[in-house]
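What you see is a predicted model, and the numbers here were worked out from it, not measured in a lab.
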Amino acid sequence: MSMEDVVRVRPVRAEDRDAVLALAGRLTEGVAEWRDAQAVVAAARDWLAAFLSAGDAARGAVFVAVAGG
């Protein structure tokens, strides 16, 4: 197994902020058609931004998958 094949899952870090927020739009996948997709993205970004700003006081968990370093 090469390093490119290894996927690690770890808690989100401060340096992941921009990448995590950029992926918020993908959270609209599977959302009911009658829901406003832009409102879903905005809510997801707001929640993620608040979570990442809360540091140790954050409630919940966000994990990232890292492939090949």
Scanning both residues in full, the closest heavy-atom pair of Val64 with Pro11 reads CG2-O, 4.4 Å
Considering non-hydrogen atoms only, spot the tightest contact between Ala37 and Thr28 and give its length.
O-CG2, 3.4 Å
Under the rule for side-chain contact (heavy atoms from CB on, under 4.5 Å), what residues qualify as partners of Asp36, not counting sequence neighbours?
Gln38, Ala39
Looking at residues at least two apart in the chain, or sitting in another chain, which of them share a side-chain contact (heavy atoms from CB on, under 4.5 Å) with Ala61?
Phe63
Between Val41 and Val62, is there a shared hydrophobic cluster once you connect ILVMFWY residues whose side-chain heavy atoms come closer than 4.5 Å?
no
Residues joined to Val31 in its hydrophobic cluster, side chain to side chain under 4.5 Å directly or through other members, sorted by chain and number, are Val40
Please list all pairs passing the ring pair (Phe, Tyr, Trp, His ring centres under 6.0 Å) test where one or both residues lie in residues 13-43, with sequence neighbours left out.
none
Side chains of residues 13-26: which donor-acceptor pairs under 3.5 Å do they make with residues two or more places apart or in other chains?
{"unit_1": "Asp16", "atom_1": "OD1", "unit_2": "Arg10", "atom_2": "NH2", "d": "3.1"}
{"unit_1": "Asp16", "atom_1": "OD2", "unit_2": "Arg10", "atom_2": "NH1", "d": "2.7"}
{"unit_1": "Asp16", "atom_1": "OD2", "unit_2": "Arg10", "atom_2": "NH2", "d": "3.4"}
{"unit_1": "Asp16", "atom_1": "OD2", "unit_2": "Arg13", "atom_2": "N", "d": "2.8"}

For the pair Val12 and Leu52, evaluate side-chain contact (heavy atoms from CB on, under 4.5 Å) and give the outcome as yes or no after the intermediate values.
CA-CA 8 Å; Val12 70; Leu52 293 166; 3.7 Å; yes
So salt bridge (charged side-chain N to carboxylate O under 4.0 Å, His left out) across residues 44-55, not counting sequence neighbours, yields none
